[in-house]
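Computed from a prediction, not measured in an experiment: that's the story for all the values here.
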Amino acid sequence: MEKMLIVDYEKCTGCRLCELVCSVFHTGASNPSRSRIRVIKWENVGFYLPMTCQNCETSFCTEVCPTKACHKDPENGRVVIDQDKCIGCKTCIIACPFGHPFFDIKERVTKKCDYCDGDPQCVSFCDMKAVDYVDADKVQMAKKREVANKFVDLMKQVR
Amino acid sequence: MRTEHIHPIRNGRHVRPQEEWKEIIAIYLYLAGMGAGSYIIGTLIHWLGVTLNPPSAPSITLFGYLLDLTKVPIFWGPIMVSIGAPFLILDLGIKRRFMYACLNPRTSWVARGFLILSTFIVFGLVLLIKSVLPFEWLYAESALWHIPEVIAFVFACGTAIYTGILLKATKSIPLWNTNLLPLLFLVSALSTGSMAIILSTLGTGLFSHDSGALKALMSGEQTLVVIEGIVLYLYLYWSYRATEQGKDSVRLLLFGEKKLIFWGGIVLLGFIFPVILKNIASFFHGNVVLIFVSGLTLLCGGFFLRLGVLSAGMKEQTPMQRLIEIQYDMRAMKMKGLRERVVDEHGTRTTHKDTRINDKAQMSNDKLLITNTE
Ligand code: SF4
Ligand code: SF4
Ligand code: SF4
Ligand code: SF4
């Protein structure tokens with residue numbers, strides 16, 4: 001079963017532990033600017049939105065990558081970046097609507113969430129379970145898509 | 001203030017323009033566009049069969065052969081493109097892997113551009129070298145040479161348009177994702193390119209016998225500048241109307257942080273200076289120095305056009321961010337109502353003017369009220 005990361009902004013407290021954990025796990029340095037998850041803040045009203053790769057179905061990042069380093073793993077459907085092929089052109093960073101892949105200044109290539117090879121560290125360290133790793137249940141997804149579509153329609157009226 | 005924004009979208013209240021592609025990519029786009037544009041114009045001049053004077057530059061002899069430099073001033077476009085292409089490599093994280101950049105031409109415009117540019121550079125340079133070499137066995141007048149000429153011409157057009165399509169292919173940035181952008185960059189490539197041709201022909205006295213051809217080129221150039229202005233206006237107008245972040249981008253470019261690039265670089269250097277200087281020059285019977293200065297400012301304007309478009313690109317907000325934004329606004333509205341009520345109850349501050357506190361105090365007020373009400 002395909003699993004995916006989901007985020008719940010209502011639970012997130014903005015502690016940014018996930019950023020730290022991700023960076024330590026992957027780079028050994030406790031440097032949030034090298035992590036693969038970022039918390040967006042609306043500081044003055046206390047909204048926090050952890051953002052990680054949405055594993056898009058039609059992913060812009062794989063489409064624009066000139067080297068095929070950023071590709072969908074045919075086995076489990078995850079979008080991953082092949083570190084040996086990436087040339088660090090940053091096209092995927094610009095293309096991703098969620099501001100996801102990040103350029104690693106140390107290693108000079110682009111990094112993205114790789115789900116920690118199936119054992120997401122950010123999930124196990126987040127006390128609030130604001131990020132969670134769940135089965136991408138097809139029915140659930142259909143429901144979510146419906147809600148999202150409704151939301152888009154609504155937005156058009158508001159605008 | 002600026003140090004706060006580590007990542008463009010980290011602070012959701014202030015959507016930041018992208019900062020991944022900067023001056024280096026602008027130089028790349030500019031040189032590629034300008035070189036391709038000048039090659040297009042140069043090839044047209046060549047095909048129209050305008051007679052060219054041998055340039056006034058000193059002649060060069062190579063291995064005892066006298067090189068023919070007549071066509072160089074109209075055919076040097078590929079050199080510009082091949083200077084520009086390494087700038088793309090310069091921007092890469094790992095530069096020695098640049099050859100990988102052509103592996104995915106099926107979907108990626110960066111890869112396609114890599115191929116288009118290299119094809120153009122190869123064919124263009126071959127034609128340039130052929131026009132220089134005086135050897136008999138090249139049969140310089142042979143009709144067969146039309147084939148590579150046409151190929152190079154097509155790829156020059158491709159290069160000029162590609163610089164726009166590269167940005168257009170980014171679907172998440174509304175300012176770039178419009179068909180007008182390739183058109184704008186194509187027109188700009190042609191106008192800067194023909195200006196560069198005018199400068200090089202003036203500098204080498206190529207048309208010194210034939211002022212008619214130069215006049216035609218000049219008026220063509222002026223028409224192109226006017227068209228460029230119209231396309232730029234339409235482009236900004238459509239981006240402004242299209243989406244929220246398109247609007248933000250245009251605002252940022254016109255009135256915000258980047259206004260110096262827009263008004264100083266694009267409008268002043270790219271449009272106003274050249275027109276004024278050219279008019280003064282025509283007043284002084286074609287003063288070459290003035291034409292040169294106006295040409296150079298126009299070329300700078302072409303660069304700033306790319307830089308401005310690049311640096312004002314903002315990503316669209318994701319639905320999640322929009323949702324939070326709306327909730328934020330609603331909460332802020334509620335806060336405002338609450339605060340006014342509180343103020344009313346105390347009966348101290350009732351007029352609107354009095355309740356206007358400075359931003360910082362208001363923010364901390366908001367925070368306090370949130371913790372109080374929850
Ligand atoms: S660790 Fe959890 S609660 Fe803390 S910032 Fe990350 S997602 Fe939010
Ligand atoms: S990196 Fe961005 S575009 Fe690519 S799959 Fe993840 S969220 Fe989607
Ligand atoms: S930075 Fe790497 S993964 Fe991203 S588009 Fe360029 S080559 Fe592909
Ligand atoms: S799953 Fe792993 S790689 Fe992805 S954000 Fe969490 S810790 Fe980082």
Side-chain angles (χ1 to χ4, degrees), chain A residues 7 9-10 19 32-33 38-49 51 54 58 60-71 82-105 107-110 147-149 151-152 154-155 158-159, chain B residues 6-13 18 20-21 88-89 91-95 97-105 107-114 166-167 169-173 176 243-244 313 315-328 331-332 335 362-364 366-367 370-371:
Chain A
V7 295
Y9 70 95
E10 279 176 339
E19 291 185 1
S33 75
R38 300 288 161 103
V39 184
I40 310 173
K41 302 187 164 192
W42 282 260
E43 196 76 90
N44 50 350
V45 288
F47 278 127
Y48 303 99
L49 174 61
M51 287 277 258
Q54 307 292 308
T58 44
F60 292 164
C61 57
T62 55
E63 197 176 288
V64 298
C65 178
T67 67
K68 288 190 189 160
C70 186
H71 63 283
D82 185 344
Q83 300 297 308
D84 296 331
K85 261 170 139 189
C86 176
I87 54 175
C89 66
K90 310 183 193 100
T91 321
C92 51
I93 306 178
I94 290 194
C96 174
F98 300 97
H100 189 59
F102 303 102
F103 188 68
D104 192 309
I105 33 170
E107 290 173 47
R108 313 292 304 163
V109 287
T110 303
V147 173
N149 284 339
F151 178 67
V152 169
L154 205 70
M155 285 319 307
V158 172
R159 200 180 275 160
Chain B
I6 300 161
H7 189 264
I9 65 162
R10 162 158 289 172
N11 192 333
R13 279 302 285 169
Q18 61 88 17
E20 273 76 32
W21 283 355
L88 181 67
I89 298 171
D91 193 55
L92 295 182
I94 297 182
K95 293 164 188 64
R97 287 187 186 163
F98 76 93
M99 277 309 281
Y100 292 180
C102 59
L103 290 179
N104 187 18
T107 57
S108 161
W109 272 103
V110 177
R112 285 179 205 168
F114 190 86
L166 174 66
L167 300 190
T170 309
K171 295 193 190 98
S172 57
I173 297 186
W176 298 354
T243 62
E244 195 131 326
K315 278 191 190 175
E316 207 151 12
Q317 275 181 320
T318 56
M320 188 82 100
Q321 276 168 300
R322 277 297 287 160
L323 180 68
I324 294 188
E325 197 75 337
I326 288 172
Q327 291 195 346
Y328 174 91
R331 204 179 264 200
M335 293 294 113
Q362 197 163 335
M363 258 198 240
S364 53
D366 280 359
K367 231 181 200 163
I370 290 164
T371 40

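- Between the CZ atom in Arg97(B) and the CG atom in Asp84(A) there is a gap of 6.0 Å [rounded to 0.5 Å].
- Counting only distance, with no hydrogens or angles, the side chain of Arg38(A) and the backbone of Ser33(A) share a donor-acceptor pair below 3.5 Å.
- At a 4.5 Å heavy-atom cutoff, the contact between Glu107(A) and chain B is made by backbone atoms alone.
- The aromatic rings of Phe114(B) and Phe98(B) sit tilted, their planes meeting at an angle between 30° and 60°.
- With Gln18(B) contributing its side chain and Glu20(B) its backbone, the two residues share a donor-acceptor pair below 3.5 Å.
- For Ile173(B), the part lying near chain A is the side chain, with the backbone staying farther off; criterion is any non-hydrogen pair under 4.5 Å.
- When each of Thr62(A), Thr91(A), Leu49(A), Ile94(A) is scored by its heavy-atom pairs under 4.5 Å with chain B, the top score falls to Ile94(A).
- For Trp176(B), the part lying near chain A is the side chain, with the backbone staying farther off; criterion is any non-hydrogen pair under 4.5 Å.
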